Undergrad: 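Below are the structure tokens for one structure; questions will follow.
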2 protein chains.
Amino acid sequence: MAEPLDPEMFDPVCPSSAMPIQIGDRWTAMVVLCLEGGRRRFNELRGPLRGITPKVLTQTLRAMERDGLVTRTAYDENPPRVEYELTDLGRTLLTLIAAARAWSADHLPALLEARRAHDSSPRSSLSR
Amino acid sequence: MAEPLDPEMFDPVCPSSAMPIQIGDRWTAMVVLCLEGGRRRFNELRGPLRGITPKVLTQTLRAMERDGLVTRTAYDENPPRVEYELTDLGRTLLTLIAAARAWSADHLPALLEARRAHDSSPRSSLSR
DNA sequence: CCGTATCCTAAGTGATACTG
DNA sequence: CAGTATCACTTAGGATACGG
């Protein structure tokens, strides 16, 4: 298990990463997906989560640990090694996240098109 | 259709309203649910959405209209009347929201318990 | 390698008051 | 009735630098 992650799996700027939902904060759902394949080290998570700073990743993981979504295991080695893993509770989010991604695949283009049409309409900046 | 809404249906402070997901901003999912039963007037929405201010409700509805989730119909009457209604696209969110609420019903207690246990643990404020 | 410590800004939200 | 106009505030999130 735990095959290498695509280091560019998530790019929050890229619309294809757009999710209609947010679970917890901005990164939580992505972290869950990153941990789907098994336990990961801190720096293994930083790659796929394009642009996340260590501070924010720590924050996110701490909050998830607090909520019982992940476990944190620190090995007393040098250099240090810390691994994160989904709990059973954390894994229950996977189906919900999958549903959300399915919604995006099915309907996000329509939403974006509606937005584009609205923004380019003369009425959008006028009389209300 | 359009039976009267429970004026206390949603209280963002109440944990039973807690959602594991957010769709758009803080209120969007609740607005979708409020409109599930049919078209509603502006002030009809303010009751169930406990504590929402008119400014924020307007913001939310405008954003949803822009994204093609609701339609806004203004009748030229006095006193003014404006009705909001879900579009087909907006209705596609209902199943996703239902899935989210089901997750809450099934797993939110466990999450909250994990949080409580973590917060009351002596380790939570100590050595990291 | 795995974080912390500071500092900072932008967005979201709300309170209050006012208007066509 | 259905909004707007201000003002104020909190917090998530990020940039950067440093530490065990």
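By convention in this document, chain letters (A, B, ...) are assigned in the order of the sequence lines, proteins followed by strands, and residues within each chain are numbered from 1. Quick caveat: nothing in here was measured; it's all calculated off a predicted structure.
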Undergrad: Rounded to the nearest angstrom, tell me the gap between atom CZ in A/F42 and atom C1' in D/dG20.
TA: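 The answer, rounded to whole Å, is 15 Å.
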Undergrad: Determine: side-chain N/O of B/R72 to OP1/OP2 of D/dG3, distance under 4.0 Å, yes or no.
TA: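 Answer is yes, contact under 4.0 Å.
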Undergrad: Please determine, for the side chain of A/V82, which listed nucleotide (C/dT16, D/dC1, C/dC2) has the closest atom?
TA: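 Closest nucleotide to the A/V82 side chain: C/dC2.
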Undergrad: Would you mind reading off the distance between A/Q22 atom CD and D/dG13 atom C1', rounded to a whole angstrom?
TA: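 Roughly 11 Å, once rounded to whole Å.
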Undergrad: For a quick test of reading the model: is some side-chain N or O of A/R50 closer than 4.0 Å to OP1 or OP2 of D/dG14?
TA: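 Result: no.
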Undergrad: Are any of A/R41's side-chain N or O atoms less than 4.0 Å away from OP1 or OP2 of C/dC2?
TA: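 True: A/R41 side-chain N/O within range (under 4.0 Å) of C/dC2 OP1/OP2.
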Undergrad: Rounded to the nearest Å, what distance is computed from the CD1 atom of residue B/I52 to the P atom of nucleotide C/dT13?
TA: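 Rounded to the whole Å, the gap is 9 Å.
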Undergrad: Hey, can you pull the donor-acceptor pairs under 3.5 Å for the side chains in residues 47-59 of chain B, sequence neighbours left out?
TA:
from  : atom 1 : to    : atom 2 : distance (Å)
B/T53 : OG1    : B/V56 : N      : 3.4
B/T58 : OG1    : B/P54 : O      : 2.9

Undergrad: Any side-chain N or O of B/Y84 less than 4.0 Å from the OP1 or OP2 oxygen of D/dG3?
TA: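 Answer yes for this pair, as a side-chain N or O of B/Y84 is under 4.0 Å from OP1 or OP2.
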Undergrad: What does B/Q59 touch in the nucleic acid at a heavy-atom separation under 4.0 angstrom: a base, only the sugar-phosphate, or nothing?
TA: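 Base, at least one base heavy atom under 4.0 Å.
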Undergrad: Can you work out whether B/K55 or B/L61 has the more 5'-proximal nearest nucleotide on DNA chain D?
TA: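 The residue closer to the strand's 5' end, by nearest nucleotide, is B/L61.
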Undergrad: In whole angstrom, what separates B/R26's CZ from D/dT11's P?
TA: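 Rounded to whole Å, this separation is 12 Å.
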Undergrad: Please report the C-alpha distance between A/D106 and B/T92 in whole Å, then the side-chain angles of each, then the deciding distance to 0.1 Å, and finally whether the side chain to side chain contact (heavy atoms under 4.5 Å, CB included) criterion is met.
TA: CA-CA 10 Å; A/D106 293 344; B/T92 65; over 6 Å; no
Undergrad: Please check: side-chain N/O of B/D25 versus main-chain N/O of B/T28, any donor-acceptor pairing under 3.5 Å?
TA: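 A pair under 3.5 Å: yes.
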Undergrad: Whole-Å distance between D/dC1 P and B/E77 CD?
TA: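 After rounding, the reported distance stands at 13 Å.
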Undergrad: Roughly how many Å is it from CG in A/L57 to C1' in C/dG3, rounded to a whole number?
TA: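 So the two atoms are 10 Å apart, to the nearest Å.
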Undergrad: Any ion pair linking A/E83 and A/R39 (charged N to carboxylate O, less than 4.0 Å)?
TA: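 A/E83 and A/R39: salt-bridged.
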Undergrad: Among C/dC1, C/dT4, D/dG13, which is the nearest nucleotide to the side chain of A/P79?
TA: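 Selected nucleotide (nearest to the side chain): C/dC1.
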Undergrad: I'd like to know if A/D88 pairs up with A/R91 as an ion pair, taking the criterion as any Lys NZ or Arg NE/NH1/NH2 lying under 4.0 Å from an Asp or Glu carboxylate oxygen.
TA: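 Salt bridge flag = yes for A/R91 with A/D88.
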Undergrad: The test is side chain to side chain contact (heavy atoms under 4.5 Å, CB included); show your working for A/C34 and A/F10 and say whether it passes.
TA: CA-CA 9 Å; A/C34 283; A/F10 299 113; 3.8 Å; yes
Undergrad: Given C/dC1, C/dG14, C/dG3, identify the nucleotide with an atom nearest to the side chain of A/P80.
TA: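 For A/P80, the side-chain atoms sit closest to C/dC1.
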Undergrad: In terms of side-chain heavy atoms of A/P54, which of C/dT4, D/dG3, C/dT13 is nearest?
TA: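 Of the candidates, C/dT4 comes closest.
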Undergrad: Nearest of D/dC1, C/dG3, D/dA15 to any side-chain atom of B/N43?
TA: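 In terms of side-chain proximity for B/N43, the closest of D/dC1, C/dG3, D/dA15 is D/dC1.
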Undergrad: Measure the angle between the two terminal helix axes of the helix from C/dC1-D/dG20 to C/dG20-D/dC1, five base pairs each, and quote it to 10°.
TA: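 Terminal axis comparison yields 50°.
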Undergrad: Quickly work out the A/D76 CG to C/dG3 P distance and round it to whole Å.
TA: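 My rounded result for the distance is 13 Å.
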Undergrad: Return no unless some side-chain N or O of B/R46 is found under 4.0 Å from OP1 or OP2 of D/dG3.
TA: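 It does not, given that no N or O in the side chain of B/R46 lies less than 4.0 Å from OP1 or OP2 of D/dG3.
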Undergrad: So do B/H107 and A/L93 actually touch side chain to side chain, heavy atoms under 4.5 Å?
TA: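 No - every pair of side-chain heavy atoms lies 4.5 Å or more apart.
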Undergrad: Looking for any heavy atom pair under 4.0 Å, which part of the strands does A/Y75 touch: base, sugar-phosphate only, or nothing?
TA: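 The residue A/Y75 makes no contact with any strand.
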Undergrad: Please determine if a side-chain N or O atom of B/R62 lies less than 4.0 Å away from the OP1 or OP2 oxygen of D/dT4.
TA: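 For D/dT4, OP1 or OP2 has a side-chain N or O of B/R62 closer than 4.0 Å.
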Undergrad: D/dC1 P sits how many Å from B/E44 CD, rounded?
TA: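 Going from CD in B/E44 over to P in D/dC1 covers 11 Å.
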Undergrad: What's the verdict on side chain to side chain contact (heavy atoms under 4.5 Å, CB included) for A/F42 and A/L61, showing C-alpha distance, side-chain angles and the deciding distance?
TA: CA-CA 9 Å; A/F42 187 84; A/L61 288 167; 4.0 Å; yes
Undergrad: Looking at every strand, decide which applies to B/D25 at a 4.0 Å heavy-atom threshold: base, sugar-phosphate, or nothing.
TA: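 It contacts sugar-phosphate atoms only.
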